[in-house]
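Accompanying notes for the structure given below.
Heads up: numbering here begins at 1 and tracks the sequence. Any value given below was found using the heavy atoms of this structure, including those in side chains, with hydrogens, waters and symmetry copies removed.
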Amino acid sequence: MAIAQDTIEKKVLKWPPARRVALAEKLIASVEDFATPEIEAAWNTEIETRVKEIRGHRAEGIPAKQVMAEARRKLHETRGLSPTGRRQTH
């Protein structure tokens, strides 16, 4: 017997934020091509524009190491992890 979507949603929304984020990541990873052709075209245009701006010295890129460090920090913050990746206890 299948569980209704609204029942699942109500239960999941009661979970702690870190658990909901983990589920959301798994769900997103399970969808290979979720972008519509319009969204994909818009992203391609945006990427081309940004590359031209950087190559033309009209914009400055952010080093990948800095971007990844900030992304990890935000993920750890969302998941309730310390900067070392260990779960924080309060």
Scan the side chains in residues 4-18 for donor-acceptor partners under 3.5 Å anywhere in the protein, sequence neighbours excluded, and list what turns up.
from: Gln5; atom 1: NE2; to: Glu9; atom 2: OE2; distance (Å): 2.8

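- Separation of atoms CZ (Arg73) and CG (Leu75) is listed at 10.5 Å; rounding is to 0.5 Å.
- Listed by chain and number, the hydrophobic cluster partners of Ile39 are Trp43, where partners are ILVMFWY side chains within reach of under 4.5 Å, directly or through others.
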Stepwise side-chain contact (heavy atoms from CB on, under 4.5 Å) check, Glu70 with Gln66 = CA-CA 6 Å; Glu70 179 67 12; Gln66 181 181 339; 5.8 Å; no
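- Ile62 shares a hydrophobic cluster with Val67; the chain of contacts runs through ILVMFWY side chains whose heavy atoms sit under 4.5 Å apart.
- Listed by chain and number, the residues in a side-chain hydrogen bond (donor to acceptor under 3.5 Å, both in side chains) with Glu40 amount to none (sequence neighbours excluded).
- With values rounded to the nearest 0.5 angstrom, Arg20 atom CZ is found 13.5 Å from Leu27 atom CG.
- Screening residues 47-69 for salt bridge (Lys or Arg N to Asp or Glu O under 4.0 Å), with sequence neighbours left out, gives Glu46-Arg50.
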